[in-house]
Amino acid sequence: MAENKKLSIIAFSGDFDKLTAVFTLGTGAAAVGYEVNIFFTFWGLDAIKRKQGRSFTGGRSTSGSLCSPKNWLTKLFGFMMGGLKVTPTSRFNFLGAGPKIFRYLMRKNNVATLEELVEAAKALGINLYACEMAMHVLGLKKEDFIPEVKDVLGVASFLKLSEGGQTLFI
Amino acid sequence: MAENKKLSIIAFSGDFDKLTAVFTLGTGAAAVGYEVNIFFTFWGLDAIKRKQGRSFTGGRSTSGSLCSPKNWLTKLFGFMMGGLKVTPTSRFNFLGAGPKIFRYLMRKNNVATLEELVEAAKALGINLYACEMAMHVLGLKKEDFIPEVKDVLGVASFLKLSEGGQTLFI
Amino acid sequence: MAENKKLSIIAFSGDFDKLTAVFTLGTGAAAVGYEVNIFFTFWGLDAIKRKQGRSFTGGRSTSGSLCSPKNWLTKLFGFMMGGLKVTPTSRFNFLGAGPKIFRYLMRKNNVATLEELVEAAKALGINLYACEMAMHVLGLKKEDFIPEVKDVLGVASFLKLSEGGQTLFI
């Protein structure tokens with residue numbers, strides 16, 4: 001039973017509300033003794049980017065020159081995926097007003113905001129992983145992420161880690 | 001084996017098609033003897049609201065006056081999340097025509113509609129829970145929900161309930 | 001332990017990026033010896049359609065004449081859900097440019113494209129299933145799908161198949 005207390009989350013979405021769900025579930029589980037693994041992939045990688053706010057990260061792979069479309073395109077994605085501060089909500093985003101309203105309501109109603117939840121996740125020792133394949137596609141490197149990211153994993157390694165527990169795709 | 005027959009669903013989405021998936025899976029599982037727990041959170045709370053149709057529910061917390069922005073904002077969310085009858089589809093919504101087309105096709109093809117599935121869920125004794133945190137954010141109270149909602153739960157209690165079974169995030 | 005190595009995926013979304021996640025997880029798991037079951041439902045059925053590109057499939061049920069609105073509506077859905085080649089991304093779709101950019105980046109960065117992943121899934125013997133209920137709603141028949149689709153299943157049969165392993169809803 002003790003070894004069953006494991007929660008693994010594949011954080012695919014970069015939406016503010018879904019990332020809030022990822023970290024609420026993760027910190028809630030860690031707080032009652034679960035081993036928690038979060039595997040960030042695709043848009044979810046946004047949540048663990050070191051440089052917050054819109055910036056042209058990515059596209060620095062050595063396999064092409066700076067002017068190749070590959071590098072410009074990954075930079076463009078880097079700009080659009082601007083980290084936690086600019087994540088949209090999956091519904092009622094209203095050009096960015098949605099997340100602001102949410103943050104306001106969360107603060108007023110004494111609910112931890114997304115940024116506080118991320119801090120709590122670090123403090124609770126939740127294991128944060130980045131998806132190797134998505135990093136290749138988006139031209140991101142381990143240095144682009146916050147230092148708390150434990151490792152870069154492929155699917156097989158993540159499946160091995162999550163074995164015997166509950167796994168959610170968010 | 002017998003104790004493995006448990007399906008728990010975190011119903012996060014308020015989309016018509018995803019809620020249909022929640023209730024199709026839930027009733028399908030309950031019909032073959034599974035214990036089924038559905039934990040409604042964020043937009044998913046829409047599915048269990050007592051007052052259907054757009055209305056200004058929520059925002060009646062005692063911690064602020066009626067005119068505070070907090071209360072107006074939660075009322076606004078209450079209006080936008082108008083319950084089952086006005087949920088959009090996640091794709092091809094066409095300003096509300098999508099769900100109407102779906103309902104039409106479901107009726108014509110003898111598939112249970114979302115409302116019928118919700119009724120079936122109640123009849124099959126599926127456990128319906130509301131997420132405490134999301135209720136705080138959206139200013140909703142237990143009285144805002146249908147009486148079949150068994151309890152208001154936090155993450156830890158839900159994880160405990162879902163242990164040893166399958167858990168889906170929809 | 002050996003019998004635990006099972007991954008079941010409910011592929012609900014028809015988005016290019018989410019279908020990529022479905023097949024990346026599926027092929028990754030199958031490559032390390034997992035039994036993999038993918039249950040396509042709603043928009044996800046798009047991924048296993050035989051006729052790729054936009055076409056008016058569906059709506060050929062015998063229970064109504066060709067001119068009935070039911071048949072026209074299912075044909076319309078058939079047209080809109082045009083198979084893998086026209087699936088949008090869940091974010092940054094830009095009227096279809098999003099998937100093109102993704103395909104370009106995947107090719108340049110030596111990551112398998114969605115079409116290659118589907119081929120790999122077939123080669124690795126992943127079990128592909130179609131959801132009976134969604135087929136009824138959308139007016140699709142088994143002949144509309146690629147021959148690798150093993151069976152048409154209801155919820156109960158899928159739950160039985162996925163018992164004792166991990167299940168994801170994507």
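Order of the sequence lines sets the chain letters (A, B, ...), proteins ahead of strands, with each chain counted from 1. Fair warning: this is a prediction, and the values are worked out from it, not measured in the lab.
- The heavy-atom pair separating C:E163 from B:Y34 by the smallest distance is OE2-OH, 2.8 Å.
- Heavy atoms of B:T27 lying under 4.5 Å from chain C are absent altogether.
- Taking B:V32, B:L168, B:I170 one by one and counting their heavy-atom pairs under 4.5 Å with chain C, the maximum is reached by B:I170.
- When side chains are defined from C-beta on, B:T20 counts as touching C:F42, because their heavy atoms get closer than 4.5 Å.
- The CG atom of B:L25 sits 6.5 Å away from atom CZ of C:F169, with the distance rounded to the nearest 0.5 Å.
- Contact annotation for C:S162: both backbone and side-chain heavy atoms come within less than 4.5 Å of a heavy atom of chain B.
- Scanning for side-chain hydrogen bond (donor to acceptor under 3.5 Å, both in side chains) contacts around C:K122 gives C:E119, with sequence neighbours left out.
- Contact record, B:Q166 with C:Q166: OE1-C, 4.1 Å, taken as the closest heavy-atom pair.
- When all heavy atoms of C:L159 and B:A29 are compared, the pair lying nearest together is CD1-CB, 3.3 Å.
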Report the C-alpha separation of B:D17 and C:W43 in whole Å, then their side-chain angles, then the decisive distance to 0.1 Å, and conclude whether the side-chain contact (heavy atoms from CB on, under 4.5 Å) test is met. CA-CA 10 Å; B:D17 43 358; C:W43 320 111; 2.8 Å; yes
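- Proximity to chain B (any heavy atom under 4.5 Å) is restricted, for C:F12, to the side chain, taken from C-beta onward.
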